[in-house]
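A short write-up of the structure that comes next.
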Amino acid sequence: MPSSPEAADRAARREQGYAALRELLDLLAQDAPAEQFARPAAAARAAGASGAELTAIDEATQTALRVRRTLNQHQRREAELTALFDTAGDLAALRDLDAVLRAIVHRAKLLLRTDVAYLSLNDPVAGDTYMRVTDGSVSAAFQNLRLGMGEGLGGLVAQTARPYATGDYEVDPRFQHTVPIDSAVLEEGLHAILGVPLRQGTHVIGVLYAADRTARAFTPDEGALLSSLADHAAIAIDSARRMEETRAALVDLNEASQTIRAHSEALRRAEDAHDRLTDLVLRGGDFTEVATAIGALLRGGTLIHDADGTELARVDADPLARVGAAPRTPPAKAVAASRASGRAVPLDGTWVCAVLAGPELLGSIALTGRADLGEADRRLFERAGVVTALLLLLRRSAAEAEDRVRGELLGDLLSLSGTPGRLTSRARRLDVDLALPHSVFVAHSDTAPRQLLLSSAARAARIRHGLSGLHHDHVVLVLPADDTGSRARALAAELTQAAGSPVTVGAAGPATGPEALAQAHAEALRCLSALRALGHTGQGADLPDLGFLGVLLGDDTNLDSYVRRTLGPVLDYDAKRGTELVHTLRAYFACGMSQSKAKDSLHVHVNTVVQRLDRIGHLLGADWQTPERSLEIQLALRLHAYTWATTSP
């Protein structure tokens, strides 16, 4: 039987209600936006649904929206937990701290659905916090921003260890705004910012942020999520630092172990080398045997020199020092550097070690062919220098015994204690021939130790087959010599270098026989006194080198010799060419060294005077017009005039 119109209408409305419910369920299943859930109620209202039906649909809609929110919360919570688990997994497999921090910042940006996320770390040295990692940032100024403690939102979080959030940072009066921070935030276009502290215990090490470029409020859930990520970031930083400290400790431990092994090996080698070399010396080995042992230990060529640079031994792999080649002398610069530092020093591929006894230089050893000498071998080489010093001291002890005999002969010779024949015979037994010309040299130093100067003089005497010793509180040498003045200057330089202090040497001679040598000694003493009085410390000379003062101090007043030494080149020039340079000199000095007055006195043109004076300068030297030289020349001119007047018929 057909239904009534009312029944059909009710059935249609029920079907419409069912359709609205099905649509709400479909919207839930599709995770549709919240605004679409109003469509079923609107359709029912348009279809003329009753009030009761519309109420039921509205209630169903509200229930569906609550279900949707619950589902969204579960989804968000699931995503958050997944992110936290992923972060924990990253920490468990921590290899790169920067990679983990970038992952945490990126997850914060995704989970909080913000435009930007970033992380800053505190700098305890600078007293501020600086950007370490950013995600979503486009501003270079923002990425390199540093915030002072208490400045801006981040500086306040770092200072107080409390989270802070702002819906619009630019207009928020709670924060200390600064030009650099506000400019960087404005350039990045940020408004809403959430910042939470990164803690290690009670200590804040940085801040984790989430930010949007539009103004909005952050929920408590978002703050809690960001705090959880910040805790993971703090753990990552702490773990990375501990791992780095562990790695550094392992590296240090490995290096220490290697150092200990190397040091132990170096000690063993050094002890073995010292025992071998010392035993060699005590058994009476010579310098060649010592050099051979050093070369074998250090795998290189070896040269040994005494303090005078005399080669004592050579066992050399250097082709420049092959057999038959000229002896190599130790480089003075390297020896001086080694002496000053107390260490072996390299120079052009050769290692040089000064051989010392306290401050005294005994000699040197050189090692060739080992430019790559390591620290252990360097110390071994230096230890070889100590053993070489022992050998040199033993050698010196024997030499000193001979020097005492020579010193006793020197004292008797200068004091004429004994007959000349007996003194000559004693000297001959020491390989000194007093029948040949010898000069006497007296050395003095205000600062060098007396014994050091005496030993240096003894070495010089032995080399030159002469005598040396202490006589009347002066160091005296008697040496074969022809040019006494030149030998005195060379001896002063040699003794100065050996003693390390200025040594002045007065000389006299040459003389032959004991009596003449005794007289020469007295003259050498006067010469030394004159040198010291004139302030010529560290120089050597004989009396003729002192000019007219030497003539006055000498036993034999030889005026002709003084004139020849002073004016000889000018006298010879006049004699050979018939010129009048001597006459020009007299006129020049008589006129007060005035060229214009001298030309009137000589009745010549001033250019002639200039030419003659120029020639005199070439003959006598460029300094002939200095006060000291001009005085000597004027005295010589007067003596020459006197001699010429007394010898002329």
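Here the structure is a predicted model, which means the values were calculated and not measured.
Tyr588 has its side chain within reach of Gln595: a pair of non-hydrogen atoms, C-beta onward, lies under 4.5 Å apart. Within the 4.5 Å cutoff, no side-chain heavy atoms of Leu495 are placed close to those of Val475. You'll find the side chain of Ile365 stays beyond 4.5 Å of the side chain of Leu367, heavy atoms only. Counting only heavy atoms from C-beta outward, the side chains of Asp542 and Phe441 never approach each other to under 4.5 Å. Looking at heavy atoms from C-beta onward, Val503 lies in side-chain contact with Leu453 at the 4.5 angstrom threshold. At least one side-chain heavy atom of Leu454 sits less than 4.5 Å from a side-chain heavy atom of Gln451.
Between the CD atom of Glu515 and the CG atom of Leu413 there is a distance of 10.5 Å, given to the nearest 0.5 Å. Atoms CG and CG, from Asn607 and Asp614 in turn, are 12.0 Å apart once rounded to the nearest 0.5 Å. Considering NE2 of His471 and CG of Leu525, their distance stands at 8.0 Å, rounded to 0.5 Å. Expressed to the nearest 0.5 Å, how far CZ of Arg314 lies from OG1 of Thr368 amounts to 10.5 Å. In this structure, NE2 in His618 is found 11.5 Å from CG in Leu613, a value given to the nearest 0.5 Å. Distance check, rounded to the nearest 0.5 Å: CG of Leu434 to OG1 of Thr424 gives 5.0 Å.
Of all heavy-atom pairs between Gln625 and Met593, the closest is OE1-CE, 3.5 Å. What you find for Leu517 and Val440 is that their closest heavy atoms are O-CG2, 3.7 Å. Nearest approach of Ala334 to Val345, heavy atoms of both residues: O-CG2, 3.4 Å. Between Thr288 and Val315 the shortest heavy-atom distance is O-CG2, 3.9 Å. Nearest heavy-atom pair, Ala507 versus Ala488, reported as atom, atom and distance to 0.1 Å: CB-CB, 3.7 Å. Between Leu477 and Ala457, the closest heavy-atom pair is CD2-O, 3.5 Å.
In this model, a donor atom of one side chain and an acceptor atom of the other lie less than 3.5 Å apart for Ser486 and Arg489. Judged by distance alone, the side chains of Asp446 and His444 do bring a donor and an acceptor atom under 3.5 Å apart.
Remark: side-chain polar atoms of Arg532 are not paired, donor with acceptor, to backbone N or O of Thr537 under 3.5 angstrom. With His474 contributing its side chain and Val476 its backbone, the two residues share no donor-acceptor pair below 3.5 Å. Judged purely by atom type and a 3.5 angstrom limit, Thr484 has no side-chain atom pairing as donor or acceptor with the backbone of Ala508. In this structure, Ser338 contributes its side chain and Ala354 its backbone to a donor-acceptor pair below 3.5 Å. For the pair Thr447 (side chain) and Ser501 (backbone), a donor-acceptor distance under 3.5 Å is absent. Checking side-chain atoms of Arg615 against main-chain N and O of Val610 turns up no donor-acceptor pair under 3.5 Å. Between the side chain of His438 and the backbone N or O of Leu436, at least one donor-acceptor pair lies under 3.5 Å. Judged by distance alone, the side chain of Ser455 and the main-chain N or O of Leu452 form a donor-acceptor pair under 3.5 Å. Between the side chain of Arg487 and the backbone N or O of Pro480, at least one donor-acceptor pair lies under 3.5 Å. Side-chain atoms of Thr504 come within 3.5 Å of backbone N or O of Gly538 as a donor-acceptor pair.
Note on residues 493-514: pairs passing salt bridge (charged side-chain N to carboxylate O under 4.0 Å, His left out), not counting sequence neighbours, are Arg464-Glu494. Listed by first and then second residue, the side-chain hydrogen bond (donor to acceptor under 3.5 Å, both in side chains) pairs involving residues 571-583 are Arg564-Asp572, Asp574-Thr579 (not counting sequence neighbours).
A salt bridge links Asp412 and Arg426; the closest N-O separation between the charged side-chain nitrogens and carboxylate oxygens is under 4.0 Å.
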- Message: Pair Arg450, Asp473 - check salt bridge (charged side-chain N to carboxylate O under 4.0 Å, His left out), show working.
- Response: CA-CA 10 Å; Arg450 174 65 56 79; Asp473 206 34; 3.0 Å; yes

- Ile304/Glu311 under side chain to side chain contact (heavy atoms under 4.5 Å, CB included): CA gap, chis, key distance, verdict: CA-CA 6 Å; Ile304 301 178; Glu311 184 180 293; over 6 Å; no

- Item | Check against side chain to side chain contact (heavy atoms under 4.5 Å, CB included), Leu362 and Asp306 | CA-CA 6 Å; Leu362 299 179; Asp306 65 11; over 6 Å; no

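Partners of Leu253 according to the side-chain contact (heavy atoms from CB on, under 4.5 Å) rule, which considers only residues two or more places apart in sequence or in another chain, do not exist here.
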